Amino acid sequence: QVQLVESGGGLVQTGDSLRLSCAASGLILSIFTMGWFRQVPGKEREFVASIGRNNGQTDYAESLKGRFTISRDDAKNTVFLQMNSLKPEDTAVYYCAAGPGTLLFRDRERYRAWGQGTQVTVSS
């Protein structure tokens with residue numbers, strides 16, 4: 001059974017940092033493209049970042065480049081999202097996801113396994 005479990009969310013103030021973790025079980029993380037998405041009420045789940053197999057290429061939503069960093073530790077079956085200089089507009093439920101493929105992708109449909117999400121709230 002594939003399971004992805006996010007953790008590390010919480011309530012922070014503008015300018016603070018958080019590191020989210022996604023622990024995977026039931027799959028070999030190293031062979032999957034991993035992604036982070038976020039969603040706020042009333043809006044579609046949006047792409048945040050992805051990282052390719054072999055800890056290689058990364059991709060970020062243009063508005064988040066320079067503030068967010070995705071990384072992975074395949075030996076621990078864990079993916080991370082380092083979030084710096086947080087803003088109120090970053091408030092959302094953050095989800096990690098896994099998808100097969102040899103190239104990076106942003107399409108939600110390409111990700112076949114999803115975590116339950118972790119809440120990040122950034123106050124002014």
Side-chain angles (χ1 to χ4, degrees):
Q1 183 179 20
V2 175
Q3 186 175 32
L4 303 176
V5 180
E6 303 95 336
S7 62
L11 175 62
V12 297
Q13 298 185 64
T14 298
D16 285 352
S17 297
L18 281 174
R19 190 177 79 155
L20 306 182
S21 298
C22 174
S25 61
L27 80 167
I28 302 174
L29 195 72
S30 63
I31 67 173
F32 288 92
T33 295
M34 300 300 298
W36 285 96
F37 290 76
R38 66 186 185 184
Q39 188 170 29
V40 299
K43 294 186 178 181
E44 294 185 349
R45 193 168 298 185
E46 68 172 344
F47 171 79
V48 172
S50 65
I51 185 166
R53 297 167 61 173
N54 305 123
N55 204 25
Q57 296 292 312
T58 57
D59 186 28
Y60 299 91
E62 283 70 17
S63 63
L64 303 179
K65 289 182 178 179
R67 291 198 300 122
F68 287 17
T69 303
I70 187 171
S71 61
R72 63 195 297 167
D73 186 343
D74 290 342
K76 298 181 179 179
N77 255 27
T78 304
V79 180
F80 304 96
L81 183 69
Q82 178 68 43
M83 305 185 295
N84 298 326
S85 301
L86 284 164
K87 306 174 181 179
E89 51 262 44
D90 295 319
T91 295
V93 177
Y94 284 73
Y95 299 87
C96 68
T102 58
L103 300 174
L104 297 179
F105 37 82
R106 300 184 176 187
D107 192 339
R108 295 185 301 275
E109 295 180 356
R110 298 292 301 274
Y111 293 89
R112 304 302 179 87
W114 294 83
Q116 83 290 340
T118 185
Q119 177 71 47
V120 172
T121 302
V122 185
S123 63
S124 301

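Index from 1, following the sequence. Quantities reported herein were computed from a predicted structural model and do not represent experimental measurements.
Looking at Q119 and T91, their side chains come closer than 4.5 Å, going by heavy atoms from C-beta outward. The closest side-chain heavy-atom distance from D73 to F80 is below 4.5 Å.
A distance of 14.0 Å separates CG in D16 from NZ in K87, rounded to the nearest 0.5 Å. In this structure, the separation between OG on S124 and CD on Q13 is 9.5 Å, given to the nearest 0.5 Å.
Both L64 and V12 belong to a single network of hydrophobic side chains, linked directly or stepwise wherever heavy atoms of I, L, V, M, F, W or Y lie under 4.5 Å apart. No continuous path of hydrophobic side-chain contacts links L81 to L11 [ILVMFWY only; heavy atoms under 4.5 Å]. Linking Ile, Leu, Val, Met, Phe, Trp and Tyr whenever their side-chain heavy atoms come within less than 4.5 Å puts M34 and F68 in one cluster. Clustering ILVMFWY residues whenever any of their side-chain heavy atoms sit less than 4.5 angstrom apart, transitively, puts F47 in a cluster other than the one holding M83.
The residues E44 and R108 are annotated as salt-bridged, a charged nitrogen and a carboxylate oxygen being separated by less than 4.0 angstrom. In summary, R67 and E89 do not engage in a salt bridge, as defined by a charged side-chain N under 4.0 Å from a carboxylate O.
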Intermediate values then yes/no, side chain to side chain contact (heavy atoms under 4.5 Å, CB included), T33 and L104: CA-CA 7 Å; T33 295; L104 297 179; 4.1 Å; yes
Could you go through Q57 and I51, starting from their C-alpha distance and side-chain angles, then the distance that decides it, and tell me whether this counts as side chain to side chain contact (heavy atoms under 4.5 Å, CB included)? CA-CA 6 Å; Q57 296 292 312; I51 185 166; over 6 Å; no
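In this structure, I70 and V79 approach most closely via the heavy-atom pair CG1-CG1, 4.1 Å. Contact detail for V2 and G26: the closest heavy-atom pair is CG2-O, 3.5 Å. Annotation for G10 and L18: closest pair N-CD1, 4.1 Å, computed over non-hydrogen atoms. Of all non-hydrogen atoms in R110 and P100, the two that sit nearest each other are O-CD, 3.7 Å. Between P88 and T14, the closest heavy-atom pair is CD-OG1, 3.4 Å. Nearest heavy atom pair, residue T78 against residue S21, reads CG2-CB, 4.3 Å.
Checked by atom type and distance alone, the side chain of N77 pairs as donor or acceptor with a backbone atom of L27 at under 3.5 Å. The backbone N or O of I28 sits nowhere less than 3.5 Å from a side-chain atom of S30 that would complete a donor-acceptor pair. No side-chain donor-acceptor contact under 3.5 Å links R106 to the backbone of G35. Between the side chain of T118 and the backbone N or O of G9, at least one donor-acceptor pair lies under 3.5 Å. The main-chain N or O of L29 is never found under 3.5 Å from a side-chain atom of R53 such that the two would form a donor-acceptor pair. Within the 3.5 Å criterion, the main-chain N or O of C96 finds a donor-acceptor partner in the side chain of E6. Here the side chain of S50 pairs no donor or acceptor atom with the backbone of T58 at under 3.5 angstrom.
Defined by atom type and a distance below 3.5 Å, a donor-acceptor pair is present between the side-chain atoms of N84 and S17.
Ring orientation note: the planes of W114 and Y95 are nearly perpendicular, at an angle over 60° on the 30°/60° scale.
Each of F37, W36, F32 was evaluated against Y111; a single residue qualifies, F37, per the ring pair (Phe, Tyr, Trp, His ring centres under 6.0 Å) test.
In this structure, R38 fails the cation-pi test against Y94, since its NZ or CZ atom is not both closer than 6.0 Å to the six-membered ring centre and inside 45 degrees of the ring normal.
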